[in-house]
Trainee: 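Below you'll find the structure I mean.
So that the names make sense, note that chain A is the first sequence line, chain B the second, and so on, each numbered from 1.
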Amino acid sequence: MLDLAFIREHPDLIKDVARRRNTAVDVDALLAIDADLRATRRSAEDLRAEQNRVNKAIREAGKDKAAREQAIARGRELAAELKELEPRERELDAQLHDLLLYVPNIPDASVPEGAGEDDNVEIKRVGEPRAFAFEPLDHVALMRGANMLDLERGVRVAGSRSYILKGDAVLLELALLQFAMNRVTARGFTALSVPAMAKEFCFIGNSQFPRGRDQTYALPEDELFLVGTAEVAITGMHSGEILREQDLPVKYVAWSPCFRREAGTYGKDTKGIMRVHQFEKVEQYIICRADHEESVQWHEDLLANAEELVQALELPYRVLNICTGDLGDAKVKGYDIECWIPSENRYRETHSDSYFHDYQARRADLRYRGVDGTVRYVHTLNNTALASVRTIIALVENHQQADGTIRVPDALRPYLGGRDTLGAPWR
RNA sequence: GGAGGGAUGGCAGAGUGGUCGAUUGCGGCGGUCUUGAAAACCGCUAGGCGAGAGCCUCGUGGGUUCGAAUCCCACUCCCUCCGCCA
């Protein structure tokens, strides 16, 4: 959410931003409602001010019965007028708030212009895609052969885009999660295990709602929703608080299951487990002071943390600077890390590193008191540390061996009981 | 699932229809004193809208009333007991 005063002063900028971001928002309607609300509120405030004066007069009238009766009569008139005005004031306020949720954030000047994902700009490439001395398999063939994946029965249990990991794949998943948790906590992040379901306000605060509502699983009986990322729960957990500047930055690394409906993606990534409804993720999250330079610094640091993990797993990857047309509404700027997937002969997204300035903080009402006493909205940032299935795909495909087994990168071996190979030879 | 109690500022905790946006304590900030610190003492210290006058906020939303932290209704959350249960 942007500051309403800023929108009032820069309507053309907002319209331009919405166009560049491919997002629809009716700025004129918003400003019309705002003007109407302010006029209505002004009238109501005048009435309330007089009401307060009349109430004081009633108190002070004491035994002067005539003055008291007269003031009460005026009070009755004011109450009647307010009864007309107040429902309208509430209605306009609600409408304004709803529209405000659709106004996107302002991208940083360093965000490339572009219509969609094809216009994202590659900013670095690390590691060489491996030259295989044998015909490499895709993750489905590989994991099936090694008895690590059962797609059919996963679908039987939970429908399309569901899967069952088996055998060494389960150990691999747990190892990866713990590997990520250990590496990031070693950098001073506090480990969290957060609820995988959350109330609506958390999703609004984080900006998943209202626009992404159809991508979220709902539990209507309980007015809860399944989170698509731990980010939702973390944004919600401090909602309404005023933190102390001395306690910033707050750095979390949270593990959670992630649930995604993937509505509207029917033809996409139908093979294997590239796009699934449920996976595990370790997420980095930072709450810091309202300072652009500091946000930028943490954004880079979060990227570096993620790169370090990917490098330790010996996966070739590249980093993209996400263009205006592909950047989520709430983000000021975002980098994606894409890991090399041999069977697709291309890089695929495994991490998403973003900063938001105070956009999420305003929605979630998350502020801090500076050492000088002033209260401001915090800045928030987050980046994936490790997402289970996509990392599993990249790892098994990149580290497959001629006999169908998977080589375990050195950094991961301590989390797999020292094993250097997963699966038994089968090719 | 059943019964009862509760929700007030950063925290604790008064306040049961008008002078209460709110007693007090703790914490925090500033000062006096001190070589420095502690202690003691003094002062300041909720948030939001508004250029300002002023307006709003005592869990949330309605209602009663000239007037609501206070009364009524609904909801949410927390606590205690019972039941069920990983």
Side-chain angles (χ1 to χ4, degrees), chain A residues 1-9 30-31 33-101 193-205 209 218-225 233 236-248 250 257 287 289-290 358 361-378:
Chain A
M1 191 153 71
L2 293 178
D3 181 8
L4 180 56
F6 181 86
I7 299 173
R8 265 180 217 138
E9 285 158 26
L30 188 149
L31 291 177
I33 289 168
D34 177 48
D36 197 353
L37 173 62
R38 290 209 286 171
T40 305
R41 179 159 288 160
R42 173 70 190 247
S43 307
E45 281 186 6
D46 286 346
L47 290 173
R48 281 192 281 260
E50 188 181 348
Q51 194 172 49
N52 288 339
R53 287 194 297 272
V54 167
N55 290 339
K56 190 158 186 252
I58 293 170
R59 283 199 306 268
E60 287 169 353
K63 295 197 171 60
D64 184 347
K65 222 169 175 189
R68 192 179 154 85
E69 287 304 318
Q70 194 185 357
I72 287 177
R74 179 59 187 152
R76 266 193 256 271
E77 288 171 23
L78 291 168
E81 285 181 61
L82 271 169
K83 209 162 183 169
E84 299 285 310
L85 221 46
E86 282 177 333
R88 174 152 181 77
E89 187 186 357
R90 280 196 294 270
E91 171 62 20
L92 287 168
D93 192 49
Q95 284 179 16
L96 180 68
H97 188 75
D98 286 349
L99 277 174
L100 225 36
L101 292 179
S193 170
V194 297
M197 43 197 187
K199 297 184 185 189
E200 186 182 42
F201 81 87
C202 299
F203 291 81
I204 291 173
F209 289 3
L219 305 169
E221 291 284 292
D222 300 290
E223 295 184 30
L224 290 167
F225 302 83
M237 73 186 261
H238 288 295
S239 179
E241 294 187 26
I242 299 176
L243 305 172
R244 304 190 313 160
E245 181 170 0
Q246 304 92 292
D247 297 331
L248 301 180
V250 174
I287 300 169
R289 297 183 304 141
D358 59 8
R362 283 179 188 279
R363 292 166 84 108
D365 188 25
L366 175 47
R367 294 171 293 175
Y368 72 102
R369 190 184 310 280
V371 288
D372 63 354
T374 60
V375 174
R376 293 191 189 82
Y377 289 102
V378 299

Trainee: Would a distance-only check, ignoring hydrogens and angles, find a side-chain to backbone donor-acceptor pair under 3.5 Å from A/Tyr377 to A/Ala364?
Mentor: no
Trainee: Hey, are A/Lys199 and A/Glu223 close enough for a salt bridge, meaning a charged N less than 4.0 Å from a carboxylate O?
Mentor: no
Trainee: Atom NZ of A/Lys199 and atom C1' of B/rC78: how far apart are they, to the nearest Å?
Mentor: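 Interatomic distance, NZ of A/Lys199 to C1' of B/rC78: 11 Å.
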Trainee: Can A/Asp36 and A/Arg88 be counted as an ion pair, charged N to O under 4.0 angstrom?
Mentor: yes
Trainee: State whether A/Glu77 and A/Arg74 are salt-bridged, where the test is any N-O pair (Lys NZ or Arg NE/NH1/NH2 against Asp/Glu carboxylate O) under 4.0 Å.
Mentor: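 Salt bridge: yes.
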Trainee: Please state the P separation for the pair B/rC81 and B/rU65 - nearest whole angstrom.
Mentor: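 Straight-line distance between the two P atoms is 42 Å.
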Trainee: Please state whether the phosphate of B/rG61, meaning OP1 or OP2, lies under 4.0 angstrom from any side-chain nitrogen or oxygen of A/Arg90.
Mentor: no
Trainee: With no hydrogens and no angle check, is any side-chain donor or acceptor of A/Arg363 less than 3.5 Å from a backbone partner on A/Ile204?
Mentor: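 Yes, A/Arg363 side chain to A/Ile204 backbone: donor-acceptor pair under 3.5 Å.
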Trainee: Using the 3.5 Å cut-off, write out each protein N or O paired with an N or O of nucleotides 65-70 of chain B and the distance between them.
Mentor:
residue: B/rC66; atom: OP1; partner: A/Arg76; partner atom: NH1; Å: 2.2
residue: B/rC66; atom: O4'; partner: A/Ile72; partner atom: O; Å: 3.4
residue: B/rG67; atom: O4'; partner: A/Asn55; partner atom: OD1; Å: 3.3

Trainee: If the C1' atom of B/rC56 is compared with that of B/rA68, how far apart are they to the nearest Å?
Mentor: 15 Å
Trainee: When the C1' atoms of B/rC82 and B/rG10 are compared, how many Å lie between them, rounded to an integer?
Mentor: 37 Å
Trainee: Would you mind telling me which of B/rG62, B/rG50, B/rG48 lies closest to the side-chain atoms of A/Val375?
Mentor: B/rG48
Trainee: Does A/Arg48 have any salt bridge (Lys or Arg N to Asp or Glu O under 4.0 Å) partners at least two apart in sequence or in another chain, and if so, which?
Mentor: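 By the salt bridge (Lys or Arg N to Asp or Glu O under 4.0 Å) rule, A/Arg48 matches A/Glu86, A/Glu89.
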Trainee: Using nucleotides 19-23 of chain B, report all nitrogen or oxygen pairs with the protein that are shorter than 3.5 Å.
Mentor:
none

Trainee: With a 4.0 Å cut-off on heavy atoms, is A/Arg53 in touch with a base, just the backbone sugar-phosphate, or nothing at all?
Mentor: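 It contacts nothing in the nucleic acid.
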Trainee: For nucleotides B/rC72 and B/rU64, find the distance between their P atoms and express it as a whole number of Å.
Mentor: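 It works out to 15 Å between them.
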Trainee: With side chains defined as the heavy atoms from C-beta onward, is the minimum distance between A/Val378 and A/Asp358 less than 4.5 Å?
Mentor: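 Contact flag for A/Val378/A/Asp358 side chains = no.
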Trainee: Is a salt bridge present between A/Lys65 and A/Glu69, judged by a nitrogen-to-oxygen distance below 4.0 Å?
Mentor: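 Here A/Lys65 does not pair with A/Glu69 in a salt bridge, since their nearest N and O are not under 4.0 Å apart.
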